[in-house]
Amino acid sequence: MKKIQMVDLKGQYAAIKERVDASIMEVIENTAFINGPEVHAFQKELEEYLDVKHVIPCANGTDALQVAMMGLGLKPGDEVITADFTFAATVEVIALLNLTPVLVDVDPINFNIDIAAVEKAITPKTKAIVPVHLFGQTANMDAIMELAEKHNLFVIEDNAQAIGATHTGKDGKKRKAGTIGHVASTSFFPSKNLGCYGDGGAIFTNDDDLAHTIRGIVNHGMYERYHHDVVGVNSRLDSIQAAVLRAKLPKLDSYNQARQDAARKYTNAFLNQEKIITPFICDSCDCHVFHQYTLRVKDTDRDALVKHLNANGIPCGVYYPIPLHSQKAYKDERYNEADFPVTNQLVRDVISLPMHTELEDDQINFITKTVIDFVNR
Ligand SMILES: *Cc1c(COP(=O)(O)O)cnc(C)c1O
């Protein structure tokens, strides 16, 4: 059996090496390192793939979130509702812009923002909702868009973990995650489902005016050379990263398929295991692209399981071990522990197993057997 990795970027690279090497060399030869033709071509190709009018490449997924919020004209004091159970970047940019983060609990089945909790948190100051498509699974966008419309709120999708996932709406219409709200952000961090070989990110929107505003914001607030109309930032995707992404984008669907296949194998192996709750997989749609394969374990010392797996050469992760509302930086007396029963439980019982495009059957069998033996001992 090959050594098990949490993420196997080297194995994935081996299959696309020629194309990646050639396109990186081409960037070096033509020296258009910033805003070169590769960046523009990637932007167009991603717009087509997502079926969205505008993709604005930028430096990373955190910038993408920040710039999206700046583009919407959110003002200090505006309240922005997001999930308590996610990576800190989401709440970080809200706080950085002097907006008021309002963390709410999540759903125990899909780990995404809880609709009833969002509704309860809406006040006259609320301006936006930021659903995170956590672990690769789309949030309940029908309900979120309905709430947003009713209360006149913006929806910013944090799509860092779910690029390529398809959301099937109540109307039967299929849309890619990140093209449903007013604007979305994504990350091309190497371990993401579409990752480059460094940092990268992008903003998506179907709104022409917003796209124009954001294109200026990522470029020092310039809409005409050396005319700075708004305070902007410097956030660019560099051409070498765009070249890598162009080589990988045509493979994204097959990468996501490989993740879904691995997820099904895990879940089948855990069938009938009373102490293991497998992630919710919906049969009829592609709403989950398994950025992570995350289990919940019952009546089991989760941290001891992590140690046991590691001791057996199986890397694993705990995403996330601390609720955002309990983090030093984001604590706030407005929060009440009783409002976060699900997140407070998830941080104790979740565990993410190795998930990538190169997992082999003997590896999956070894991982599942090791987990099952431990929880039943
Ligand atoms: C990775 C991630 C980000 C941040 O992306 P970076 O490119 O690392 O800045 C934001 N939100 C979520 C949910 C993420 O998983």
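In this text, all values refer to a predicted model and were calculated from it rather than measured experimentally. As the structure lists them, so they are numbered: ligands from 1, and atoms in each ligand from 1.
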Lys192 heavy atom under 4.0 Å from ligand 1:
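In this structure, Lys192 qualifies as a contact of ligand 1 - some heavy atom is under 4.0 Å.
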
Which residue holds the protein heavy atom closest to atom 9 (O) of ligand 1, what is that atom called, and what is the gap in Å?
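Answer, as residue, atom name and distance: Thr62 OG1, 2.5 Å.
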
Side-chain contact test, heavy atoms from C-beta onward, threshold under 4.5 Å: evaluate it for Phe85 versus Val342 and give yes or no.
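Not in contact.
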
Under 4.0 Å from any heavy atom of Ser187, which atoms of ligand 1 are there?
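Going through ligand 1 atom by atom, the ones under 4.0 Å from Ser187 are 5 (O), 6 (P), 7 (O).
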
Out of all atoms in ligand 1, which are within 4.0 Å of some heavy atom of Gln161? Include the element for each.
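It comes down to these atoms of ligand 1: 13 (C), 14 (C), 15 (O).
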
List the steps and the verdict of salt bridge (charged side-chain N to carboxylate O under 4.0 Å, His left out) for Asp51 and Lys176.
CA-CA 8 Å; Asp51 193 18; Lys176 289 288 186 201; over 6 Å; no

The one among Asp158, Asp199, Asn60, Val132 that brings a heavy atom closest to atom 12 (C) of ligand 1:
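Result: the heavy atom closest to atom 12 (C) of ligand 1 is in Asp158.
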
ILVMFWY network linking Val130 to Leu210, side-chain heavy atoms under 4.5 angstrom:
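Val130 clusters together with Leu210.
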
Backbone or side-chain N or O of Gly61 under 3.5 Å from ligand 1 N or O
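N/O-N/O distance below 3.5 Å exists for this pair.
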
For Glu48, I'd like to know if atom CD has over 12 heavy atoms of other residues, nucleotides or ligands within 6.0 Å.
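Counting other residues, nucleotides and ligands, CD of Glu48 stays at 12 neighbours or fewer.
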
Criterion ring-ring contact (aromatic ring centres under 6.0 Å, His included) on Phe280 and His288, from CA distance to verdict
CA-CA 9 Å; Phe280 173 71; His288 201 331; 8.7 Å; no

